[in-house]
Structures are given as C-alpha cells and as structure tokens.
Amino acid sequence: MQKIDLHVHTNCSDGSFSPADAVLEAKRLGLKAIAITDHDSAEGCAEAMRTGDKCGVEVVKGIEITAKLGTAIHILGYYIDETSSEIYSFLKWIQEDREKRNKKMAQLMADDGLDISYERMCEKYEGIIGRPHFAQELVDLGLAYSVNDAFKRYVNKGCRYFIGRTVISVDTAVKMIASAGGVPVLAHPYQYKRNDAELRELIEFAMKNGLRGMECRYSGYSEEQTRYLENIADEYGLLKTGGSDFHGSFKPHIKMGTGISENLSVPYEYLEKLKQAVN
Ligand code: AMP
Ligand code: ZN
Ligand code: FE
Ligand code: FE
C-alpha cells in the first residue's frame, strides 16, 4: 500500500524542519504524498512543492486554522488559494494578532528577569511564532526539560506566561476555507474530548457551514478509535483524511507518516478521494 501523511508542520509555523527538508524526510520514509498544514500560513507550500517535484513526492497545499466552538477546534484546509481576498486578509490579521500576543508573552518573561527577547526570537525562528517557540526558549534557558514540560509549567492556559489570542468561530473558519476554494476538514476529533453526541453536534454544525471531511487517522489514535471515526465519516458522507501532525523537534515523539509507536498508516486512496472533491 502506498502511504501518505496529510498533516505536517514546517518551520513556517511550529515545526522544526524547513519545507524542503520535510519533503526530503517524506522521500526517505517512502511516502508517496504529504500535505503541508502549517498554522495560519501556507507560505511553506511553494518550497515544498518545488522539492516534491524534484524528488517525486506529491505535495498537497494545506493550512491549519484554530477556531472555537466551546473549546479550541482545529480546521484543516486543503488546496486553498491563500491569495483569495478573504483568507488573505484573515491571515494578515491573525498574524498581527499573534504578534501582539507574542510581544506581551515576551514582556511577561522579561519582567520576571528571564533572558528572552522577542526580536531575537524573530531572527531565530523563520515563520509564524507561537507558544511552542516560547516553550523552546524556556528549555534553552534551562527552565524546562522539554517543550512539553515547558507547556505544562509555563505556557499552557492557566500558567504564568499564558496569554490568549483571538480565535475565530468554527463556522467562520470553515466558510472561509471553502470560499478560498479549499476543502475544510475537522482535525484530530478526539482532541476535543467530546462524547458521541457532542462530536456529532460539532460535525453537523460544521457541515452546515461547508465541512467536507474529518481526520480519522491520527498519531496516537487506536484502531478502535479510528474505526469509530471512519464509521461516522461514512455515515455523514465526509471525506476521510489522516496525518501524523509531525512537528519535528517540537513534538519529538511523533514520526512523519507513522505517528506515535509507528501505528499510523494513511492510504493514498484518501488523497485520491480528496482530490476528486476539489473540482
Ligand atoms: P499558539 O497558537 O501560539 O497559542 O500555540 C498553540 C500550538 O502549540 C498548538 O497548535 C500546538 O501545535 C502547540 N502545542 C500545544 N501543546 C503543546 C505541547 N505540549 N508540546 C508542543 N506543542 C504544543
Ligand atoms: Zn503546531
Ligand atoms: Fe492541530
Ligand atoms: Fe497540526
């Protein structure tokens, strides 16, 4: 079976691999295709596609947008045209909002006497800066053992250095992706800790606004959980997608293509169906 990974982050957001290196990693692992799905940015896609053309890995353009319905919900958008006017202004605005939040977080840390400078961070990290980068800085300062540890102690909601950012609603996110010609997909549904009725409520609400698919295969999801999600997707006529949520060294336990404990496997057939849905 030819394998793919439809959820990969690069250093255009909070992954540690450049877009080109992410594609070369996919090639090394024998993956037929990957989607680049950075947070709030599609900037890595062009470089990834150029590398993919050279080395024979199919690269799908994607994006991941944080939205909310009660809790934070992530929506993936495949094949979007990021230059289309509405999403273009949204991405600009969300990046400005992040920038303001980031400056506040850096200030809080500096006020505590930590050697953190936002300007230095901007030079060090190439793309969208978020909490994972602050977590990495705290690791580098010897204040945490790992990015995950830094999240738990310093930057998760409720922690000393947490500052929220503006998050749009699920209906807005789904509609915006659709209006940019993209295919909106609900990311990692188990992350929202919803029971069956609550998950269905989310799906039905999002579908009314244009949701087309659901990420049924994901790092750490058991076979049983995957089967449950795939049955729901079939029931609602949603496309099934799957990906690892690879972040390189920011989430070192996740391997591209195979996820955690190598138990992830996404067939190329999922991408074929996704492509048919675009036109
Ligand atoms: P932000 O959008 O800047 O508030 O950062 C949120 C992002 O941090 C999420 O989209 C995740 O990719 C990442 N994240 C959340 N928890 C962790 C964690 N424990 N370790 C590494 N990355 C995390
Ligand atoms: Zn991330
Ligand atoms: Fe996500
Ligand atoms: Fe992700």
Side-chain angles (χ1 to χ4, degrees), residues 6-7 9 13-14 35-42 60-82 84-98 101 128 130-132 156-157 162-219 221 225-226 228-243 245 270 274 277-278:
L6 295 176
H7 195 153
H9 293 269
S13 66
D14 55 353
I36 302 295
T37 54
D38 278 307
H39 302 283
D40 303 333
S41 169
V60 175
K61 185 194 281 186
I63 198 162
E64 183 173 23
I65 291 174
T66 303
K68 70 175 172 208
L69 190 70
T71 58
I73 307 286
H74 292 185
I75 308 291
L76 295 158
Y78 293 108
Y79 297 106
I80 60 150
D81 172 8
E82 76 281 17
S84 96
S85 68
E86 198 191 350
I87 202 149
Y88 182 84
S89 344
F90 163 75
L91 293 176
K92 227 174 131 213
W93 167 76
I94 202 82
Q95 286 166 20
E96 284 161 11
D97 185 75
R98 262 183 187 282
R101 189 279 304 257
I128 303 276
R131 283 182 289 152
N156 266 341
K157 196 168 181 175
F162 173 81
I163 293 198
R165 57 186 187 85
T166 315
V167 175
I168 59 173
S169 62
V170 163
D171 47 321
T172 306
V174 169
K175 278 188 207 149
M176 201 168 47
I177 290 168
S179 79
V183 182
V185 170
L186 178 65
H188 43 61
Y190 269 105
Q191 254 62 353
Y192 317 129
K193 301 186 169 63
R194 290 175 171 241
N195 63 27
D196 182 72
E198 291 164 343
L199 178 60
R200 283 167 186 275
E201 201 183 335
L202 166 62
I203 290 169
E204 286 167 24
F205 175 75
M207 282 184 77
K208 274 192 205 133
N209 291 286
L211 186 78
R212 306 278 303 281
M214 181 158 75
E215 191 173 52
C216 300
R217 301 192 180 200
Y218 185 75
S219 291
Y221 287 10
Q225 288 176 316
T226 293
Y228 165 77
L229 292 174
E230 295 196 328
N231 283 336
I232 292 192
D234 288 340
E235 187 187 321
Y236 283 99
L238 287 169
L239 293 159
K240 291 171 280 201
T241 73
D245 215 352
Y270 281 9
L274 182 62
V278 184

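FYI, side chains are in, hydrogens and waters are out, and symmetry mates aren't considered; it's all heavy atoms of this structure. Just so it is clear, the model here is predicted, and its values are computed rather than measured.
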Least distance between heavy atoms, Val170 atom then Ile75 atom: CG1-CD1, 4.4 Å
Side-chain heavy-atom pair Lys193, Thr71 within 4.5 angstrom cut-off: no
Are the side chains of Lys175 and Glu86 in contact, using a 4.5 Å heavy-atom criterion? no
Exactly one of Asn156, Asp14, Ile163 should register a side-chain contact (heavy atoms from CB on, under 4.5 Å) with Arg131. Which one does? Asn156
Counting only N and O atoms by type, is there a donor-acceptor contact under 3.5 Å from the side chain of Glu198 to the main-chain atoms of Asn195? yes
So, does Arg212 use its side chain to make a donor-acceptor pair with the main chain of Ala277 at under 3.5 Å? yes
Inspect the contact between Glu201 and Arg194 and indicate whether a charged nitrogen and a carboxylate oxygen are less than 4.0 angstrom apart. no
Using every non-hydrogen atom in the two residues, find where Ile65 and Ala173 come nearest and quote the distance to one decimal. CG2-CB, 4.2 Å
Should we say atom OH of Tyr88 is surrounded by more than 12 heavy atoms from elsewhere, each under 6.0 Å from it? no
Candidate pair Leu239 and Val185, rule side chain to side chain contact (heavy atoms under 4.5 Å, CB included), full reasoning: CA-CA 8 Å; Leu239 293 159; Val185 170; 5.6 Å; no
Are the charged groups of Asp81 and Lys61 less than 4.0 angstrom apart, N to O? no
Please check this pair: side chain of Tyr78 against backbone of Leu6, looking for a donor-acceptor N/O pair closer than 3.5 Å. yes
Which atom names give the shortest non-hydrogen contact between Pro189 and Glu215, and what distance separates them? CD-O, 3.0 Å
Is there side-chain contact between Ile232 and Tyr228, with heavy atoms separated by less than 4.5 Å? yes
Any chance you could lay out the side chain to side chain contact (heavy atoms under 4.5 Å, CB included) test for Asp38 and Ile128, step after step, and finish with the verdict? CA-CA 9 Å; Asp38 278 307; Ile128 303 276; over 6 Å; no
Do the side chains of Arg217 and Glu230 get close enough for a salt bridge, i.e. N-O under 4.0 angstrom? yes
Quick one: are Leu229 and Tyr190 in side-chain contact, heavy atoms under 4.5 Å? yes
Below 4.5 Å, heavy atoms only, C-beta onward: do Thr172 and Phe90 meet side chain to side chain? no
Side-chain H-bond candidate by donor/acceptor type, Tyr221 with Gln191, under 3.5 Å: yes
Mind telling me whether His39 and His74 have parallel, tilted or perpendicular rings, with 30° and 60° as the class edges? perpendicular
Electrostatic pair Arg101-Asp97, nearest N-O below 4.0 angstrom: no
Shortest non-hydrogen pair, Ile63 vs Ala42, comes out as CD1-N, 4.1 Å
